[in-house]
Structure formats: C-alpha cells, structure tokens
Trainee: 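Before anything else, here's the structure in question.
Here is the naming used below: chain letters follow the sequence lines, and residue numbers restart at 1 for every chain. These numbers come from a predicted model, not from an experiment.
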There are 2 protein chains.
Amino acid sequence: MTFGEYIREHREALKSQDRRFSVRQVAQRIGVEPAYLSKIERGDVAPPSEAKIRALAEELDEDPDVLLAMAGKVSSDLQEIIRKRPQLFADLIRQLKSAPDHAILRIARDVRDGDW
Amino acid sequence: MTFGEYIREHREALKSQDRRFSVRQVAQRIGVEPAYLSKIERGDVAPPSEAKIRALAEELDEDPDVLLAMAGKVSSDLQEIIRKRPQLFADLIRQLKSAPDHAILRIARDVRDGDW
DNA sequence: ATAAATGTGTAGTATATAGTACACATGACA
DNA sequence: TGTCATGTGTACTATATACTACACATTTAT
C-alpha cells in the first residue's frame with residue numbers, strides 16, 4: 001500500500017465518524033491546499049515534506065515514523081543522532097538488518113532499563 | 001571542520017606523496033568536473049551526491065559513513081533498513097541517543113556474536 | 001430548491017539539488 | 001622558454017521538491 005492510499009483509507013475511516021475529516025478540512029488544519037492533499041492521497045504527486053507528514057500523523061493519530069517510512073523518508077531527528085556518531089550507528093544498524101524483531105525490541109528495552 | 005575542508009586536507013596529504021592526487025586528477029577519477037571539486041573543497045557549493053561522496057571515500061581511503069555524515073547525509077542503505085521496520089529502529093536509536101560509545105559498540109559486538 | 005461544502009483538474013511558482021562547460025591566470029618542468 | 005598541468009572564476013542547465021491558486025462539477029444539507 002502506498003502512502004497516499006494509506007492516508008486516504010485512514011482519513012476516510014475517521015470521516016465516517018466525524019465529518020471534520022474531509023479532504024478540505026484536514027488540508028486546512030495541516031496547512032496545505034485541499035487540491036494538494038487530494039493529489040497526495042491519489043498518488044498524483046509525491047508525499048509531502050516531513051513537517052506536513054508529522055502534522056498529518058498528529059491529525060490522523062498515526063505513528064509519524066511509520067508514515068515517514070511509507071513516504072520513503074527517515075525522521076530527521078534519527079538522522080541527526082546517526083550523523084553524530086556515524087561509525088557506531090552504521091555498524092550497529094547493519095548488524096541489526098536481519099535480526100528478528102524481538103531481538104531489537106529486547107535490546108531497546110535493555111538499554112531503557114540500563115541493563116548493559 | 002566542514003566537509004570541503006576535510007576533503008581538501010586529506011587530498012592534499014595524499015598529493016604530497018603522489019601527484020596523482022591533484023584536484024583535476026581526483027575529479028576525473030570520481031567522475032566530476034575539476035571546477036566542481038574545487039568548489040566543493042572550498043565550500044563554495046554544497047557537498048555532492050551520495051554516489052560521488054562514496055567515490056571520494058574510496059579514492060581517499062576514508063570511511064564513507066563519516067564523509068556522508070560530514071555532508072549532512074545518512075547512507076541510503078541505512079535509511080532503507082530503518083524504513084523497513086520504522087518503529088523498532090526509531091525506538092532503539094532514540095534510546096541510544098545518549099548512550100556512551102562503549103555501550104553501542106558492545107551491543108553491536110553482542111549482536112554480531114549472537115549473544116542476545 | 002438552493003446554498004454550502006466537497007473533491008479534483010489544470011496551470012503555475014519558488015527553491016534546492018547536482019551538477020557541466022569554458023576560459024583564464026599561475027606554476028612546474030624539461 | 002615554451003608547454004603542459006593545475007586551480008578556480010563565471011555562467012549556465014536539468015531535474016526534483018514542495019508546494020499555491022483558481023475554477024468547476026458534484027454532492028450534501030436545510
């Protein structure tokens with residue numbers, strides 16, 4: 001599923017419960033022209049900027065990292081973390097490329113709990 | 001130190017031992033115009049594309065991830081790994097933001113050795 | 001029935017990205 | 001001393017990114 005299809009689907013779902021989730025009203029709240037949001041949802045144009053994707057995530061109550069990923073982007077705050085210690089993070093991330101989900105989850109939990 | 005300064009410094013160091021490391025010759029080997037490389041080194045223009053930075057890293061025997069970081073970029077292969085499992089990686093990387101180097105190094109080693 | 005709201009087609013814009021092409025003054029060197 | 005290579009200034013160019021503005025037909029609400 002593309003970024004646009006995903007947005008349309010989730011916006012429509014909200015719209016069926018609350019008519020403030022029309023293309024026009026959502027567009028206005030995230031600060032773009034209605035025609036632009038319409039084109040984004042139909043895949044007529046590329047996904048918008050990170051800032052607009054974040055606004056959309058907030059509006060639709062979705063995970064911004066997931067939406068950014070669907071848009072082919074990686075959050076700029078993550079990029080900055082990596083850029084500060086490129087060798088360490090590049091090495092770690094490549095190591096984790098084919099690690100199972102539960103392993104990554106567990107490492108994150110261990111780090112959070114200070115178990116390392 | 002900027003990307004350009006760093007490149008110039010390291011290219012000049014190689015040049016002092018081997019005159020094939022002139023702006024012109026390096027430019028030709030990495031596939032850009034000499035004037036362009038000159039401008040890059042002096043910060044007259046933004047750093048080049050990821051592909052050219054990789055060619056430069058190879059040519060100067062530098063770590064591509066470090067050069068990319070200096071250029072304000074993150075390797076596209078890392079971005080792809082993150083985009084495939086955005087929640088897991090976003091969470092982990094943010095957890096590791098302020099972890100000490102040795103902790104990150106150790107996690108990478110543990111993963112490599114299968115100790116997890 | 002009509003006014004308001006809706007979704008979308010067409011056309012255009014500003015800025016960034018990623019360079020090329022050529023000329024020219026300077027310096028090395030044989 | 002001529003020529004060959006070097007570094008760089010100026011002027012362009014092509015493509016991508018990230019949108020706006022307006023018109024218009026359709027659908028919905030009162």
Trainee: Go through DNA chain D in 5' to 3' direction and return only the first and the last nucleotide with some atom under 4.0 Å of chain A's heavy atoms.
Mentor: D:dA18 to D:dC22
Trainee: Of all residues at least two apart in sequence or in a different chain, which pass the salt bridge (Lys or Arg N to Asp or Glu O under 4.0 Å) check with B:Arg42?
Mentor: none
Trainee: Which residues, if any, of residues 17-34 of chain B bring a heavy atom under 4.0 Å of DNA chain D?
Mentor: B:Ser22, B:Val23, B:Arg24, B:Gln25, B:Pro34
Trainee: So, using salt bridge (Lys or Arg N to Asp or Glu O under 4.0 Å) as the criterion, who are the partners of B:Glu41 when residues are at least two apart?
Mentor: B:Arg8, B:Arg11
Trainee: The criterion is salt bridge (Lys or Arg N to Asp or Glu O under 4.0 Å); which residues satisfy it with A:Glu33, sequence neighbours excluded?
Mentor: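 Result, salt bridge (Lys or Arg N to Asp or Glu O under 4.0 Å) vs A:Glu33: none returned.
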Trainee: Between residues 68-80 of chain B and DNA chain D, which residues have a heavy-atom gap below 4.0 Å?
Mentor: none
Trainee: Checking B:Ser75 against B:Arg54: is there a side-chain donor and acceptor pair closer than 3.5 Å?
Mentor: yes
Trainee: Which residues satisfy the side chain to side chain contact (heavy atoms under 4.5 Å, CB included) test with A:Glu58, sequence neighbours excluded?
Mentor: none
Trainee: Spell out, yes or no, whether A:Leu78 and B:Val66 are grouped together once hydrophobic residues are joined by side-chain heavy atoms under 4.5 Å, including indirect joins.
Mentor: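 Unlinked, A:Leu78 and B:Val66 end up in two clusters.
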Trainee: Determine which pairs satisfy salt bridge (charged side-chain N to carboxylate O under 4.0 Å, His left out) with at least one residue from residues 85-105 of chain B, sequence neighbours left out, and list them in order.
Mentor: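 Residue pairs with at least one partner in residues 85-105 of chain B: A:Asp65-B:Arg94, A:Asp77-B:Arg94, A:Arg85-B:Asp101, A:Asp101-B:Arg85, A:Arg112-B:Asp91.
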Trainee: What parts of residues 39-67 of chain B reach DNA chain D, counting only heavy atoms under 4.0 Å away?
Mentor: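 Result for residues 39-67 of chain B: B:Lys39, B:Arg42, sorted by number.
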Trainee: Can you name the nearest heavy-atom pair linking A:Arg24 to A:Pro34, along with the distance?
Mentor: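 Heavy atoms only, the tightest pair is CG-CB, 3.8 Å.
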Trainee: Test of understanding: with ring-ring contact (aromatic ring centres under 6.0 Å, His included), list the residues that count as partners of A:Tyr6, not counting sequence neighbours.
Mentor: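 Expected list: A:His10.
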Trainee: Identify, with sequence neighbours excluded, every residue that meets salt bridge (Lys or Arg N to Asp or Glu O under 4.0 Å) alongside A:Glu80.
Mentor: A:Lys84
Trainee: Do you know the tightest heavy-atom contact between B:Ala27 and B:Leu37?
Mentor: N-CD2, 3.7 Å
Trainee: For A:Leu105, what residues pass the side chain to side chain contact (heavy atoms under 4.5 Å, CB included) criterion, not counting sequence neighbours?
Mentor: B:Leu88
